Asker: 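Dumping the structure here so I can ask a few things about it.
Source: prediction; values computed, not measured. Order of the sequence lines sets the chain letters (A, B, ...), proteins ahead of strands, with each chain counted from 1.
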Amino acid sequence: MAEERPYAWRNPWFRWSIVSLAVLTVASFLIGFIVLPSAQRDFTTGDFWETICRAAGLPANWGTPPPSGDRAPSTTVILAPAMGVRGAGDAVGRGATIAVQQCSMCHGAQGASEANAPNLAGQYPEVVIKQLLDYKHGARSGSFMQTLARNLSDQNIDDVARYYESLPKARTAPARYDETSAPALVRVGDPLRNIAPCIGCHGGTDHKFGAPWLEGMPKEYLLIQLKEFQTGARRNDSHAQMRNMTRQMTPAEIDQVADFYARREKG
Amino acid sequence: MFLARKLVLAHFWVAFAGFLLAIILGEWQMYVRSPLHAWVNNPEHYYRSVTAHGTVMAYVLPTLVAMGFGYAITELSLKQPLIGVRWAWAGFWLVVGGTVIAAGTVASGQASVLYTFYPPMIASAFYYIGVVLVVVGSWIWVALMSVNLRAWRNANPGATVPLAMFGNVTGAYLWAWTSVGAAVEVLVLILPVALGLKDTIDAGLSRVLFSWTLHAVVYFWLMPTYIAFYTIVPRAIGGRLYSDTMGRVAFVLFLVFSMPIGLHHTFADPQVGAGFKFVHAAMTAMVSVPTLLTVFTITASVEIAGRLRGGVGLIGWIKALPWDNPMMLALAFSFVMLGFGGAGGIINMSYQLNESVHNTQWVTGHFHLIFGGAIVIMYFMIAYELWPQLTRCAPLPQGLIKAQLWLWFVGMLVLSMPWHLVGLLGMPRRMAYYDYSDAALHPQAWTVVASTFGGALLVISAILFVYVLARARPVGAAVPPFTFSMTAHPGERTPALLNVFGLWVAMMIGLTVVNYGYPIAQLALLKDTSVPAIRIGGP
């Protein structure tokens with residue numbers, strides 16, 4: 001018997017392998033791209049070619065933005081990692097000059113407020129930059145802050161942020177987050193209500209870029225912000241992150257969380 | 001003749017040491033998440049552990065077992081000394097070095113991204129570099145398998161490659177092509193971000209590239225087990241392999257179909273077209289064919305053993321089987337778990353049914369049952385079978401081995417069945433914390449306790465496994481030579497096409513291009529698809 005040649009059309013194994021694979025492939029593409037899409041109403045809005053394109057993952061209206069209504073985007077600031085870089089000495093110096101003149105009246109000489117304005121000492125620079133830009137562009141409202149921010153150049157804003165970053169943070173977090181030291185919402189959130197734990201973004205177990213340092217903030221300030229996020233009065237949070245977190249919180253929970261972060265340093 | 005003994009032993013010991021550490025981490029995860037223990041109050045610790053558990057179990061253990069078993073098969077089945085022993089050691093040290101780097105990075109909390117990477121989460125670059133070293137080390141093994149086979153062919157022109165070596169090289173080629181997807185993902189998309197050269201990443205494209213690797217890697221894990229089914233089990237239980245040809249058909253079908261089907265992992269991903277999802281689902285269904293062929297062939301082989309032992313009648317041969325033989329027990333356990341896991345897998349791969357289980361604990365249950373259960377239980381048997389050859393030890397204690405297998409089987413069912421159940425009820429996977437005080441979750445709390453106990457049985461079984469291997473001491477007497485199964489039809493002529501790889505590798509690559517080419521090209525060419533990276537373990 002002659003030696004069987006593997007790669008020859010006359011070899012039935014070769015022939016049948018190729019033909020079966022080709023048939024299977026063509027059949028699954030026909031079913032996936034033509035038969036099934038034409039049986040599904042939302043796939044058959046356009047013509048034949050459009051149907052195939054949609055099945056391939058190419059919507060016909062690619063690039064057309066969805067109708068956004070008449071509401072302005074909640075924020076136009078894009079958080080860039082460069083915002084979080086520690087500033088040089090001269091930037092801190094320039095920032096200090098501006099801060100003493102324009103900010104210290106409410107936010108305190110050392111960035112710790114006695115007037116229910118937020119603490120800024122040690123605040124992450126990207127947070128200060130984003131909030132000032134949002135005030136400047138009208139994404140966050142506040143009569144004092146909008147007026148003040150409008151007159152700050154981007155460089156000024158950057159310098160102020162570097163200055164506040166250089167000041168020591170208020171530290172009031174417990175040595176260990178557990179059942180005795182922090183409310184459940186702070187530690188573990190409430191997964192069944194889609195509320196993430198505060199410490200997942202605001203420091204504790206993790207810090208997410210753009211999330212502010214909260215420890216030692218005035219309680220009244222935190223209460224107002226949480227309630228405004230809840231009602232949508234404040235809406236400059238990227239991707240509605242805080243609006244989504246606060247939506248299902250009860251007044252008691254809001255009070256409890258604000259109380260936790262507003263604790264004063266011991267001693 | 002078995003010269004690569006030290007090499008194989010080194011692979012196995014590192015694999016099993018990692019396995020023992022990783023299984024303890026797994027049990028810790030179950031315990032702290034269960035109502036038996038107060039919540040650890042730091043999800044990062046949980047995800048750090050999950051990352052280590054997954055990385056060792058999914059990459060290090062199966063890769064080292066496949067490599068070590070592959071080197072053993074090369075010498076034992078081809079009956080020629082392993083060519084490239086120095087290269088093999090280089091590959092081994094790359095895998096070990098990569099493992100140490102990756103594990104150290106994970107342990108330091110810089111890489112809690114889970115072993116499937118999940119961009120836009122970005123870990124420390126060292127984690128990815130470690131994983132890449134593991135893969136590069138295994139590529140050396142792929143090349144050596146090819147080189148050794150070629151040398152054997154040159155020395156034995158026209159001869160049929162032994163089935164064990166045929167399966168082994170199939171696994172090697174499958175792995176080589178499979179690992180390309182994740183390699184591209186890591187080298188082109190992830191590492192530039194991890195190294196700080198970029199701040200954004202195309203998460204959609206990353207996921208599609210990972211899916212290229214994610215499913216076929218399962219069949220790479222499975223290959224040593226199937227080789228053991230075909231070439232060790234029939235001999236070990238005193239039977240004959242029913243069909244050598246069927247084994248080859250199963251192996252080449254895995255080569256062709258396990259690769260271009262990974263998009264069934266992205267059914268919920270909006271960036272992939274529904275048409276491609278269907279095509280991948282249809283071809284995923286095809287990989288059940290080689291598994292069903294295998295179940296049939298091996299059951300037929302077992303029947304031969306039963307009838308050779310005097311079993312008669314429709315089911316009389318089952319009673320006549322050597323049930324006191326650990327291999328018989330392991331095979332039965334493996335098939336039961338393969339049956340449940342396979343049936344669950346068919347639900348996962350169905351485009352519509354997947355909706356109800358996607359990202360639930362069902363999926364965790366599925367892959368533990370089929371990989372940790374059906375596949376790993378045969379890794380144990382491979383080690384037990386090879387151990388006398390590797391260490392020249394006396395026969396291993398059969399009673400302890402059987403106890404170990406029973407514990408593994410029962411433990412795996414008790415671990416994974418509750419996961420399947422709560423998955424159907426909607427319990428999400430990858431959760432660090434369950435709030436049992438919530439009225440909706442409270443009734444499901446017992447399932448987590450059950451899984452914790454199942455996991456405890458697995459830990460005991462794993463300790464027993466390592467104990468049996470560790471207490472083996474060399475004896476003076478020569479061990480009998482290792483043999484593979486004989487076929488029921490020794491004169492059977494192997495079709496020429498089932499003795500070569502060219503067509504099957506060409507089909508594997510061709511089908512990948514057809515099934516993945518457009519989705520990858522489309523996503524790669526789309527502009528503005530990147531999202532900000534989320535750095536894990538940062539300040």
Asker: Of all residues at least two apart in sequence or in a different chain, which pass the side-chain hydrogen bond (donor to acceptor under 3.5 Å, both in side chains) check with A:R247?
Answerer: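 Only A:N244 meet the side-chain hydrogen bond (donor to acceptor under 3.5 Å, both in side chains) criterion with A:R247.
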Asker: Hey, what's the ring geometry for A:Y124 with A:H207, parallel, tilted or perpendicular (30° and 60° as the breaks)?
Answerer: parallel
Asker: Establish, yes or no, whether the cationic atom of A:R187 lies under 6.0 Å from the six-membered ring centre of A:Y177 and within 45° of the ring axis.
Answerer: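 Judged by the rule (NZ or CZ under 6.0 Å from the ring centre, within 45° of its axis), A:R187 is not positioned above A:Y177.
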Asker: Can B:T529 and B:D202 be said to form a side chain to side chain donor-acceptor pair (under 3.5 Å), step by step?
Answerer: CA-CA 6 Å; B:T529 50; B:D202 189 335; 2.8 Å; yes
Asker: Under 3.5 Å, which donor-acceptor pairs link side chains of residues 257-266 of chain B to any protein atom two or more places apart or in another chain?
Answerer:
from: B:S258; atom 1: OG; to: B:F254; atom 2: O; distance (Å): 2.7
from: B:H264; atom 1: ND1; to: B:I261; atom 2: O; distance (Å): 2.9
from: B:H264; atom 1: ND1; to: B:T284; atom 2: OG1; distance (Å): 2.9
from: B:H264; atom 1: NE2; to: B:H215; atom 2: ND1; distance (Å): 3.1
from: B:H265; atom 1: NE2; to: B:H215; atom 2: ND1; distance (Å): 2.9
from: B:T266; atom 1: OG1; to: B:L263; atom 2: O; distance (Å): 2.8

Asker: Can you see whether A:N119 engages A:E215 through a side-chain donor-acceptor pair at a distance of less than 3.5 angstrom?
Answerer: no
Asker: Indicate yes or no for a side-chain donor-acceptor contact from A:Q123 to the backbone of A:A161 under 3.5 Å, with no hydrogens or angles considered.
Answerer: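 A pair under 3.5 Å: no.
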Asker: Contact part of A:I31 toward chain B, heavy-atom cut-off under 4.5 Å: side chain, backbone, both or neither?
Answerer: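 Both parts, backbone and side chain.
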Asker: Looking at B:H280 and B:N515, would you say the former's side chain and the latter's main chain have a donor-acceptor pair under 3.5 Å?
Answerer: yes
Asker: For A:I18, is it the side chain, the backbone, both or neither that has a heavy atom under 4.5 Å from a heavy atom of chain B?
Answerer: both
Asker: Listed by chain and number, what are the salt bridge (charged side-chain N to carboxylate O under 4.0 Å, His left out) partners of B:D438, not counting sequence neighbours?
Answerer: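 Here no residue qualifies.
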Asker: At a heavy-atom separation under 4.5 Å, does B:F276 approach chain A through its side chain, its backbone, both, or neither?
Answerer: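 Contact with chain A involves both backbone and side-chain atoms of B:F276.
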Asker: Taking non-hydrogen atoms and a cut-off under 4.5 angstrom, which of residues 500-508 of chain B neighbour chain A?
Answerer: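 Hits under 4.5 Å: B:V500, B:F501, B:G502, B:L503, B:W504, B:M507.
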Asker: Identify which part of B:L498 has an atom lying under 4.5 Å from any heavy atom of chain A, answering side chain, backbone, both or neither.
Answerer: side chain
Asker: Using a cut-off of under 4.5 Å for heavy-atom pairs, which of B:K277, B:E44, B:M283 has the most such pairs with chain A?
Answerer: B:M283
Asker: Which answer fits B:V256, side chain, backbone, both or neither, if we ask what part of it has an atom under 4.5 Å from a heavy atom of chain A?
Answerer: side chain
